[in-house]
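Ligands are counted one by one from 1 in listed order, and the atoms in each one are counted from 1 as well.
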Amino acid sequence: MKKISILIPAYNEDEVLEHLYQRLGKLANDNKSYEFEFMFVNDGSRDKTLQVIKEYAETDERVAYVNLSRNFGKEIAMIAGLDYVTGDATVIIDADLQDPPELIPEMIKYWEEGYDDIYAKRNSRKGESWLKKTTSKMYYYILQKSTHITIQRDTGDFRLLDRRCVEALKQLRESQRYTKGMFSWIGFNKKEITYDRDPRHAGQTEWSYGKLVNLAVDGLTSFTTAPLRVSTVMGFIVSLIAFIYIIVIIVRTLLFGIEAAGYPSLMAVILFLGGVQLLSLGIIGEYIGRVFNETKQRPLYFVEEVHARAHKKTR
Ligand code: UDP
Ligand code: MG
């Protein structure tokens with residue numbers, strides 16, 4: 001019998017877990033031809049999330065969990081889960097029920113047809129603000145234009161991954177992870193299905209705008225060096241203009257003598273150049289920061305406790 005692992009990163013989700021667990025239980029009952037594993041990753045929750053998961057694990061042998069030593073963020077929680085899942089296929093799903101588990105049978109169907117990565121694309125974004133929708137749209141546009149791999153738009157981490165995708169992802173051990181880009185980067189046979197994303201079932205989203213900006217910058221800097229190119233080109237153009245301007249000034253001084261005016265234009269040039277330099281430095285800094293973080297070669301996470309059947313771990 002083939003085994004499907006459901007990977008659920010959970011951070012302060014005790015309000016929704018019961019409902020999620022019931023829906024997953026129903027899913028398993030409706031699909032008796034597969035064995036199921038529910039792999040919860042407790043990402044350093046400060047509420048009763050861990051206790052609730054432990055209660056399930058006591059009575060239900062399908063339930064497995066990894067308890068991380070602190071809150072590492074969803075990206076790291078996902079790789080931690082992938083390190084421990086044992087299924088022939090793995091479905092990554094949010095704990096807050098924004099991704100309907102009812103879609104999983106359809107994913108399994110396509111998996112049986114030979115697809116390796118069946119991802120769910122959101123049709124609508126109920127309960128999300130206009131600002132969040134537009135910024136996400138713009139961001140995908142920029143990311144798409146500056147990388148050569150296709151990054152799926154309006155697609156979260158809700159997807160079914162074949163074992164070989166999981167094994168591939170486990171080999172990408174960078175610490176500032178942008179998993180969404182990695183799904184594209186590893187390749188394999190992809191299949192898109194669409195669904196309507198529901199608002200959170202309960203609780204609060206843990207993603208502040210600050211965190212989203214961080215993720216966005218990680219996404220850009222881990223998949224493209226285009227911003228470096230932009231700063232090079234900008235630097236070149238500005239220097240060229242400045243150079244022409246200098247020649248103009250010299251010629252003008254030789255022909256008409258020195259005039260004391262020009263303070264405003266001088267200020268303008270200095271400020272503009274200063275701005276360009278700061279921007280370029282910042283961009284270079286982003287990449288150097290990444291190099292710094294990756295050279296430390298730290299483990300991605302620490303595990304406080306694992307409750308799982310035979311688990312394979314690469315590193
Ligand atoms: N999550 C996590 N660690 C974090 C933040 C979130 O494991 O530091 C989990 C969270 O429990 C949920 C999923 O990641 O299962 C998505 O989080 P959320 O619903 O807050 O994000 P959004 O749906 O707004 O993208
Ligand atoms: Mg959510």
Between the side chains of [Y] and [X], is the shortest nitrogen-to-carboxylate-oxygen separation below 4.0 Å, so that they form an ion pair?
| X | Y | value |
| --- | --- | --- |
| Arg70 | Asp43 | no |
| Arg164 | Glu167 | no |
| Lys2 | Glu112 | yes |
| Asp117 | Lys190 | yes |

Can you check whether Ile93 has an N/O within less than 3.5 Å of an N/O in ligand 1?
->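 N/O-N/O distance below 3.5 Å does not exist for this pair.
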Out of all atoms in ligand 1, which are within 4.0 Å of some heavy atom of [X]? Include the element for each.
| X | answer |
| --- | --- |
| Asn71 | 3 (N), 4 (C), 8 (O) |
| Ala95 | 12 (C), 15 (O) |
| Asp96 | 18 (P), 19 (O), 23 (O) |

Looking only at heavy atoms, the pair that brings Met78 and Leu7 closest together is O-CD2, 3.6 Å
Aromatic contact, Phe188 with Tyr115 (centres under 6.0 Å) | no
For ligand 1, note which part of Asp43 has a heavy atom under 4.0 Å away: side chain, backbone, both or neither.
-> side chain
Which segment of Glu13 sits under 4.0 Å of ligand 1 when only heavy atoms are counted | side chain
So which of the N, O or S atoms of Asp96 lies nearest the Mg ion (ligand 2)?
-> OD2
